[in-house]
There are 2 protein chains.
Amino acid sequence: MAASTLTEVARLAGVSPATASRVLNGSARKPGQDIAERVRQAADSLGYIPNAQAQGLAKSSSGLIGLIVHDIADPYFAAIARGVQEAAREQRKMVLLATTGGAPAEEKEAVAAFAARRADSIVIAGSRSSREEDQEDNAELAAELDRYCRNGGRVAVVGHPVVGATAPEGYHVLAVPNQELAGALASELAAGWDGDFVIIAGPEGLLTSDDRVQGFQDGLAGAGRAPAGILRTQFNRAGGYEAGLKLAAHIKGEGDGTRETGRKLCIFAVNDVMAIGAAAALRAEGLRIPRDATIAGFDDIETLRDFRPALSTVRLPLEEIGRLATRATAPAAEGHDSDGGLPQPITGEVTLRRSTEAA
Amino acid sequence: MAASTLTEVARLAGVSPATASRVLNGSARKPGQDIAERVRQAADSLGYIPNAQAQGLAKSSSGLIGLIVHDIADPYFAAIARGVQEAAREQRKMVLLATTGGAPAEEKEAVAAFAARRADSIVIAGSRSSREEDQEDNAELAAELDRYCRNGGRVAVVGHPVVGATAPEGYHVLAVPNQELAGALASELAAGWDGDFVIIAGPEGLLTSDDRVQGFQDGLAGAGRAPAGILRTQFNRAGGYEAGLKLAAHIKGEGDGTRETGRKLCIFAVNDVMAIGAAAALRAEGLRIPRDATIAGFDDIETLRDFRPALSTVRLPLEEIGRLATRATAPAAEGHDSDGGLPQPITGEVTLRRSTEAA
DNA sequence: AGAAAGCGGGAATGCGCTTTCCCAGACAGG
DNA sequence: CCTGTCTGGGAAAGCGCATTCCCGCTTTCT
């Protein structure tokens with residue numbers, strides 16, 4: 001037994017499909033009371049559920065919002081996803097999820113898939129890459145996005161614009177002040193620490209990571225401090241752990257034979273998850289935080305707030321970011337300003353906690 | 001400029017739409033080499049993207065998998081979602097996300113929305129409720145699911161079957177041995193602790209919580225121990241924290257004037273997030289784990305593994321659960337056994353760590 | 001060599017719904 | 001009383017694609 005159709009409902013109610021459509025699925029023209037009632041009864045006596053595909057085809061709009069993340073299980077993206085979901089609900093739309101692991105090629109495919117489904121808008125939450133080897137894929141991604149926009153789609157990307165995307169109508173970038181905040185973190189840290197700094201960064205070319213590194217170095221420079229050493233690794237817990245191991249060796253003075261004794265370090269991991277990984281490694285090596293090393297992260301992931309020692313970090317309104325990005329793609333939101341179009345201002349907050357309290 | 005259509009491609013290639021369709025979107029009949037090539041060239045010179053809505057309408061199948069969770073930012077659901085996402089990719093489908101906060105009424109709406117979009121299958125990850133006030137909504141949910149299945153939809157629910165859902169074709173339940181595992185945890189805990197036990201549970205009627213509570217009590221009984229006291233609260237970190245506060249008072253002997261001195265406790269929180277909340281509360285009250293109280297959770301949430309003291313818990317293969325549930329809805333997976341249909345066996349593992357090492 | 005079978009391609013129909021366009025009747029004004 | 005303007009309902013034309021027929025052609029078997 002197939003689902004019942006509008007036509008069946010119409011027949012049962014003794015009206016034309018046109019009329020049935022008008023009463024059941026909001027139209028400008030409102031049929032008379034009596035008729036409306038008859039149709040409505042027929043509809044739910046049949047358990048009628050409109051076929052969204054057909055509706056979409058006819059109206060050419062689907063009520064879908066595409067969301068692109070690296071990994072939905074990463075708490076950073078999960079938090080953003082929650083915001084997106086909320087905003088989607090406000091707009092009475094559903095969200096289509098795509099996880100890409102951050103590969104521009106996969107992101108391009110996701111955009112194409114969203115376009116195929118005629119998603120009304122697309123939110124790209126993943127961080128951009130400017131690496132040499134991603135150049136080509138990025139260009140294709142940009143082209144795909146352009147095409148999508150030109151066909152009336154709206155897209156919002158959080159963080160950086162997609163490399164090479166020329167911005168036609170409906171292309172929004174939600175800037176996240178990674179650099180400024182990292183700078184602010186650095187200066188606050190510098191105020192309470194006069195030893196060396198070291199940064200655990202993601203792979204070069206990962207824009208989010210690069211920004212935070214750059215901002216941190218700037219902040220250090222502003223405080224009259226020497227630039228921090230940089231350890232590049234994966235942008236996840238495993239990377240943080242690995243880097244932590246190396247740093248532990250360094251701190252314990254095993255790093256190179258030249259030093260007799262290790263040196264304390266203030267570590268800045270470009271995101272919380274990496275910071276936690278690094279902290280775990282240090283602990284595994286018998287070092288204590290903040291006694292032997294202090295450490296700070298970035299994002300203020302909710303699930304990690306109970307971590308001990310409490311992690312210094314930069315609070316980012318992740319959920320809000322998801323919400324704003326999604327709202328930016330809502331047709332109504334266009335009202336602001338067609339030109340200029342000042343982007344919503346995202347702000348974060350340096351949050352110093354126990355992990356960076358020098359003993 | 002609207003997206004180009006199959007007809008346009010066909011015209012450019014000088015063939016009929018039928019032929020173009022056959023070469024571009026996998027069909028049984030394969031047109032000749034030369035023609036195929038011409039069509040393909042025309043297609044990407046036009047940047048043709050098939051309209052999935054139209055395809056869906058024509059084939060009546062959408063390539064969509066609906067996923068229902070309580071909250072995508074909850075690491076438990078995020079982990080499952082990752083598994084679902086993976087399996088979806090295997091099946092070359094996309095996942096539609098719906099978050100419901102656990103309310104049966106919302107879940108019903110989500111199912112209806114998925115049905116409207118003609119989702120090929122639905123995975124329900126949220127825990128079921130058997131509360132009095134949800135009775136009615138549950139019935140409606142069940143009705144909605146039934147209808148969906150009868151129209152050829154396939155659904156998988158993890159944990160418990162939806163209350164009152166009669167199982168027609170295509171209704172799968174992925175059983176999670178919450179009770180057994182909680183029992184196993186209890187007996188292992190009982191082996192190393194001879195004091196009192198207390199359970200921090202979710203609201204009554206939350207089946208997942210109830211199962212774990214029941215299992216734990218059974219395990220205790222099996223070990224010849226008195227049943228644990230039960231503290232009901234919200235099924236999240238806040239609830240855990242609140243309960244933790246109460247327990248702290250109890251342990252410190254402030255609970256009631258009758259006791260001179262507090263008593264140590266072995267706490268079982270029905271999920272990791274609650275356990276972390278409780279632990280945070282105890283610490284805030286100046287108590288130490290495992291010195292003043294030991295504590296165990298359930299789920300073995302990945303992000304929480306670096307928590308100190310390391311949390312004893314029961315490892316659940318969350319990602320695998322998502323994967324299996326999704327695969328269970330794949331048409332091919334029906335092959336197993338139409339009758340009986342032995343459900344995939346999910347297994348967990350009691351994982352004792354530092355948080356329950358009695359001093 | 002003639003007929004039957006096979007094969008590659010096109011015309012046409014329909015999936016379920018929205019939306020324009022049209023039409024009959026109601027009503028008001030001249 | 002006739003004409004002009006509304007108003008509410010129906011007929012029909014797509015939306016973009018898959019698919020069933022159907023047709024003319026080349027093969028293969030007797």
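Note on naming: letters A, B, ... go to the chains in the order of the sequence lines (proteins, then strands), and numbering restarts at 1 for each one.
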inquiry  = The criterion is side chain to side chain contact (heavy atoms under 4.5 Å, CB included); which residues satisfy it with Ala20(B), sequence neighbours excluded?
reply    = Leu6(B), Ala10(B), Val15(B), Val39(B)

message = Please report the distance, rounded to the nearest Å, between CD in Glu8(B) and P in dC17(D).
response = 9 Å

query = What integer distance in Å separates Leu6(B):CG from dG16(D):P?
reply = 11 Å

request  = Have a look at Ser60(A) and say if it touches a base, only the backbone sugar-phosphate, or nothing, with a 4.0 Å heavy-atom cut-off.
outcome  = nothing

request  = Considering just the side-chain nitrogens and oxygens of Ser16(A), establish if one lies under 4.0 Å of OP1 or OP2 belonging to dG10(D).
outcome  = yes

Contacts under 3.5 Å, N or O only, protein and nucleotides 19-21 of chain C:
unit_1, atom_1, unit_2, atom_2, d
dC21(C), N4, Arg29(A), NH1, 3.4

message = Please determine whether a side-chain nitrogen or oxygen atom of Gln55(B) lies at a distance below 4.0 Å from atom OP1 or OP2 of dA18(D).
response = yes

key: Arg117(A) (side chain) donor-acceptor with Ser62(A) (main chain) under 3.5 angstrom   = no

message = Regarding Glu107(B) and Arg128(B), does a basic nitrogen lie under 4.0 Å from an acidic carboxylate oxygen?
response = yes

message = What is the separation between atom CG on Leu24(B) and atom P on dT19(D), rounded to the nearest whole Å?
response = 14 Å

note = Between CD of Gln53(A) and C1' of dG16(C) the distance, given in whole Å, is 10 Å

key: Sub-4.0 Å heavy-atom contacts from residues 111-121 of chain B onto DNA chain D, ordered by number   = none

ask   = In chain order, what residues pass the side chain to side chain contact (heavy atoms under 4.5 Å, CB included) check against Ser16(B), with sequence neighbours excluded?
value = Ala18(B), Thr19(B)

request  = Could you state the atom-to-atom distance from CD1 of Ile49(A) to C1' of dG16(C) in whole Å?
outcome  = 14 Å

key: d(CG, Leu46(B); P, dG16(D)) in whole Å   = 13 Å

key: Euclidean distance, atom CG of residue Asn51(B) to atom P of dG16(C) [Å, nearest integer]   = 16 Å

request  = Output all residues satisfying side chain to side chain donor-acceptor pair (under 3.5 Å) with His160(B), sequence neighbours left out; order by chain, then residue number.
outcome  = Asp211(B)

ask   = Salt bridge between Glu109(B) and Arg89(A), side-chain N to carboxylate O under 4.0 Å?
value = no

query = Salt bridge or not for Arg147(B) and Glu144(B), using N-O below 4.0 Å?
reply = yes

request  = Among dC17(C), dC17(D), dT18(C), find the nucleotide with the atom closest to the side chain of Asn25(A).
outcome  = dT18(C)

message = Assuming nearest nucleotide by heavy-atom distance, tell me which of Ile35(B) and Pro50(A) is located more 5' along DNA chain C.
response = Ile35(B)

ask   = Under the side chain to side chain donor-acceptor pair (under 3.5 Å) test, which residues partner Asp137(B), sequence neighbours left out?
value = none

message = Quick test of your reading of the model: are Glu90(B) and Arg327(B) salt-bridged, counting only N-O distances below 4.0 Å?
response = yes

task = For Leu57(A) and dA18(D), give me the distance from atom CG to atom P, rounded to whole Å.
result = 11 Å

